[in-house]
Amino acid sequence: MKIESLDLPDEIKRFYENSGILELYPPQAEAVEKGLLEGKNLLAAIPTASGKTLLAELAMLKSILAGGKALYIVPLRALASEKFRRFQEFSELGIRVGISTGDYDRRDEGLGINDIIVATSEKTDSLLRNETAWMQEISVVVADEVHLIDSPDRGPTLEVTLAKLRRMNPSCQILALSATVGNADELAAWLDAGLVLSEWRPTDLMEGVFFNGTFYCKDKEKPVYKPTKDEAINLVLDTIKEGGQCLVFESSRKNCMGFAKKAASAVKKTLSAEDREALAGIANEIMENSETDVSSVLEACVLSGTAFHHAGLTTPLRELVESGFREGRIKLISSTPTLAAGLNLPARRVVIRSYRRYSSDAGMQPIPVLEYKQMAGRAGRPRLDPYGEAVLLAKSYEEFVFLFEKYIEAGAEDIWSKLGTENALRTHVLSTISNGFARTREELMDFLEATFFAFQYSNFGLSVVVDECLNFLRQEEMLEKDSDALVSTVFGKLVSKLYIDPLSAALIAKGLREAGTFTELTLLHLICSTPDMRLMYMRSQDYQDINDYVMAHADEFSKVPNPFNIAEYEWFLSEVKTSLLLMDWIHEKPENEICLKFGIGEGDIHATADIAEWIMHVTAQLARLLDLKGAKEAAELEKRIRYGAAPELMDLLDIRSVGRVRARKLYEAGFKSTADLARASPEQVATLVGPKIAEKVFKQIGRKETVPESSDIESLEKGFPE
Ligand code: ADP
C-alpha cells in the first residue's frame, strides 16, 4: 500500500515521501485496512522496529489536522524524550509537541496549546487527578508498550488510566502498541479494538543458540570465527569483522561492566583511526560529565570501542554511550535488560549471555519469553544490516535443547492484570472517587468493570479488595466516614492530587503527629518508611555499621522494631540505609564516595533523590494541610534533596547551571549569595567555575559583562595568589 493512496491530507503524504517512506509495511497496511485512519480502536501487536510508531503518527496527524489532539503514553521517561524528539520533526507541518514528565501535582495547563503531548503513564494519571482541562479535548490516545499491563509496578496505573480516559472521552480513538503476547486477542477485545497481529519484520531475524563453536538457527547453522578462547568475545569479534555491532545482555551490572572490560583489548584491535579519534572525543565527554571510579572504567572501555549501560549510570553518560553506538563508533555495548525495554538501539547481533534472573521468592529463574523477545528484537538495524542475529549461549547439549524449545520455538506468554490487590488498587480507588468518576460503591464497581482486571477475572474478585480499600480510606479519614455515598475529604483530595499512595500519606501523617522533634534523620527516615520509596538492599557488610548507627541514634526514629523480629528489623535497616544515603547527599559528600560506600552507581543516587524529593514535598504539603509540625523543616529538606547540598548554598543553587560542587567553590571563595555575585568581577567568577558557566551565571542574575576567554583565564589562574 502506497503512502500516496492513503486518505490523508497531501502535506502529510509529502512529509513522509520526502523522508523516504513511500510504501507501508505489511502490518501497517493491515492497520489501515482495519480502520486506523477512520478513528477505529486498534491493537498492533507486532515486533520491535516493524513500524509501530509510524502507525501512531498517521493516526495522530490525521486527527490533529481535523482539529483533534493526541496523547502519546509511554512507560519510561527516556522513551518520552525519544518520542518527543521524533515528533518535533512535525513542526514543519505546523504541529506543536509537548512533553510532560515532571512534578506529579502540577496541572501543566500550558501544555494544552500543543497538538501532541507525550507523557508517562504515571504523569497521565496525575494530570487526570489534577483535572487538567485539555485532557477533555483528546481525540487520539496512543498507549505504547501496552503489554506492560502485566507489570506489577506499572500495569495497574496504565490500565486504570486507559479506563478513565475512555470514560472521559468515549469517542476518542485508542491505539495500543504492544510486543507480541500470547493473549493479544483478549487485550484487543478489552479495548474494543481491531487486532493487527504479525511477526513480520523489515529485517530478517535469525534466532538461535550457540553451542560448541556453532550458531544453530531453525533452518541454518553457521560456524563462528574463533580468534580467542572466550566464546562470547568471539561472537562479538565475528560481528565486527562482518561490519556490524553487538549488544550483549547480562543479568547484573557487575557482569555488564566485567564483559565490556574483558572484551576491550580484542575490540580495540579492530578500530580504525577515525574510530579512535571519535571515541577519544566521547571518552572526554564522559569525564567532563562525571568523576566517579565507574566513569573512569567506562572511559577506558570507550577508548577501546566497548561500553556498558545500566541504571547505575547517570542519564548524560547513558546518552553518550547510546549516541556513540548509533554513530557506529562504539562496537559493543554490554547492558542489563533495561536497555531492551527502554530504547530503540538496534545492533547487527544481540548476544544474551544470561537467560536467568534472580527473583527473591524463587532464586535464579529463566526469564519470560516476552523479555527474551524484547532483547532479541533489537537485532538487525533496518536499512543498515542485511539481517539481524539473536544468540543465546548453551554450555551443554541439555541446555541447548531447553533454550531452543523455550525461546526459539515457543510463543510469548499471556499477560495478566496486576490490579487485583489492595496495594495496587488503593490509590486508584481514592483517585476515582476524588475525581468524581464514582460517587457510590455501585458506580465505583461499574467504573472498575472497565479495567482489564475485571475483563480477565470478573468483577467478583475485585469486590472484596475494593471493600478493603474503602475501609482503609475511611479509617484514615481520606473518605467521609459517616456517609454511604463515597465522598473524599479535603485530606483525601490532596493525597490523590499529590499522587502518593494513600498508605504512604497515612504513615507520613502518623509520623508527623507522633514525632517529638524533627531532626534531618527523623524526616528522612519517615519518607523512607513509606511504600513509595525505593529502598536499597542490605549487603552483608552493611549490617554491623547500620545497626551501630541505629543504636547511637535510636531517639531520632519514631519507632525501632525489635531486632528479634528479623524480617521487620531487616526492612527497617534498609530504610535506615536509604536515609543515610540521602543524608550523605544533602551534606555534599562527593558522589564517588557515596557510590563506594553504598555499593551503588551515580544513577541510583539521582533516582533515589528524585523520589525522596517528591515524598518530602508531599510531607511538607500534608503537614501544612493538617496543621502539623514539620512543614517548614520538610520544605527546607525538599530543596536540599533537590540540590544535594547544605542549607547555606540554597541561594546560589537557585541559579541554573550552578550545581552543588560549583556552588561550594563560589561559597568558599566568599561569594555566598546572588547578591555577592552581582558585585563580583567576571574574571574571579570565571576562574572558579570556568568562563562558559560564568557567562550563564551573569546572564541569569541580569549582568551583561563579557567574560574573558579561557586562554586569558588560564594565565590569570597561573598568576593567582596561592
Ligand atoms: P517500532 O516503533 O515498531 O519499533 P518504528 O516505527 O520506530 O518501529 O520504525 C522503525 C524504523 O523504520 C524507523 O526508522 C521508521 O522511520 C522506519 N519505518 C517505519 N515504517 C516504514 C515504512 N513503511 N517504510 C520505510 N521505513 C519505515
Side-chain angles (χ1 to χ4, degrees), residues 1-6 8 12-33 36-37 42-62 70 72-76 78-90 92-93 97 116 118 140 142-148 175-181 184 195-205 247 322-323 325-328 339-348 350 370 373-388 390 412:
M1 191 182 283
K2 297 254 185 288
I3 292 276
E4 181 53 46
S5 68
L6 298 178
L8 284 171
I12 301 182
K13 294 187 201 170
R14 296 295 92 77
F15 174 85
Y16 284 105
E17 285 164 357
N18 291 342
S19 66
I21 296 181
L22 302 175
E23 186 150 11
L24 292 184
Y25 288 154
Q28 294 168 337
E30 190 184 331
V32 170
E33 276 155 16
L36 178 78
L37 301 177
L42 281 182
L43 168 69
I46 53 183
T48 320
S50 48
K52 288 196 282 277
T53 313
L54 187 98
L55 278 183
E57 291 173 10
L58 297 179
M60 293 194 297
L61 292 173
K62 169 111 198 232
Y72 194 105
I73 306 175
V74 290
L76 299 167
L79 261 174
S81 317
E82 190 186 309
K83 298 297 173 197
F84 175 65
R85 279 195 295 270
R86 160 69 189 160
F87 301 152
Q88 275 179 320
E89 292 174 27
F90 300 142
E92 60 184 86
L93 295 168
V97 188
I116 303 179
V118 186
V140 182
V142 181
D144 202 352
E145 314 266 353
V146 78
H147 54 269
L148 286 175
L175 182 60
L177 310 176
S178 165
T180 27
V181 295
L195 175 63
V196 179
L197 184 65
S198 166
E199 290 292 338
W200 185 90
R201 289 174 47 102
T203 318
D204 275 346
L205 175 63
L247 275 180
E322 288 153 20
S323 66
F325 192 78
R326 278 203 189 98
E327 287 155 15
L339 183 84
L343 272 180
N344 188 8
L345 200 67
R348 168 86 57 92
V350 164
L370 186 62
K373 294 276 178 205
Q374 291 276 79
M375 294 192 259
R378 301 285 147 196
R381 292 167 305 164
R383 287 183 278 199
L384 290 175
D385 290 329
Y387 53 85

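Since the model is a prediction, treat every value here as computed from it, not as a measurement. Atoms within a ligand are numbered from 1 in the order they appear, just like the ligands themselves.
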Inset, instruction - Would you check if the side chain of Q28 reaches a backbone N or O of G51 as a donor-acceptor pair within less than 3.5 Å? - result: yes
Inset, instruction - Kindly indicate, with the supporting measurements, whether the criterion side chain to side chain contact (heavy atoms under 4.5 Å, CB included) is fulfilled by Y25 and L55. - result: CA-CA 10 Å; Y25 288 154; L55 278 183; over 6 Å; no
Inset, instruction - Give the residue and atom name of whichever protein heavy atom lies nearest to atom 2 (O) of ligand 1, and the separation in Å to one decimal. - result: T53 OG1, 2.6 Å
Legend entry - Ring geometry between Y16 and F90 (parallel below 30°, tilted from 30 to 60°, perpendicular above 60°): perpendicular
Inset, instruction - Name the closest protein heavy atom to atom 4 (O) of ligand 1, giving the residue it belongs to and the distance to 0.1 Å. - result: A49 N, 2.8 Å
Legend entry - N or O contact, G51 vs ligand 1, cut-off under 3.5 Å: yes
Inset, instruction - Return the residue, atom name and 0.1 Å-rounded distance of the protein heavy atom closest to atom 23 (N) of ligand 1. - result: E23 O, 2.8 Å
Legend entry - Enumerated ligand 1 atoms positioned under 4.0 Å from heavy atoms of L24: 23 (N)
Legend entry - Per-residue contact class, Q28 against ligand 1 - non-hydrogen pairs under 4.0 Å: side chain
Legend entry - Residue, atom name and distance, where the atom is the protein heavy atom closest to atom 3 (O) of ligand 1: K52 N, 2.8 Å
Inset, instruction - Indicate yes or no: at least one non-hydrogen side-chain atom of R86 is less than 4.5 angstrom from one of E89. - result: yes
Inset, instruction - Establish whether atom 25 (C) of ligand 1 and some protein heavy atom are separated by less than 4.0 angstrom. - result: yes
Legend entry - Close-contact set for ligand 1 against L54 heavy atoms, below 4.0 Å: 6 (O), 20 (N)
Inset, instruction - Could you tell me the residue and atom name of the protein heavy atom closest to atom 15 (C) of ligand 1, and the distance to it rounded to 0.1 Å? - result: R383 NH2, 4.3 Å
Inset, instruction - For residues E57 and K62, determine if any side-chain heavy atom of one lies less than 4.5 Å from a side-chain heavy atom of the other. - result: no
Inset, instruction - Compare all side-chain heavy atoms of L8 with those of L61 and state whether any distance is below 4.5 angstrom. - result: no
Legend entry - Polar contact flag for Y25 and ligand 1 (N/O pairs, less than 3.5 Å): yes
Inset, instruction - For residues E145 and H147, determine if any side-chain heavy atom of one lies less than 4.5 Å from a side-chain heavy atom of the other. - result: yes
Inset, instruction - For atom 13 (C) of ligand 1, decide whether some protein heavy-atom distance is shorter than 4.0 Å. - result: no
Legend entry - Minimum heavy-atom distance A59-V140, with the two atoms named: O-CG2, 4.0 Å
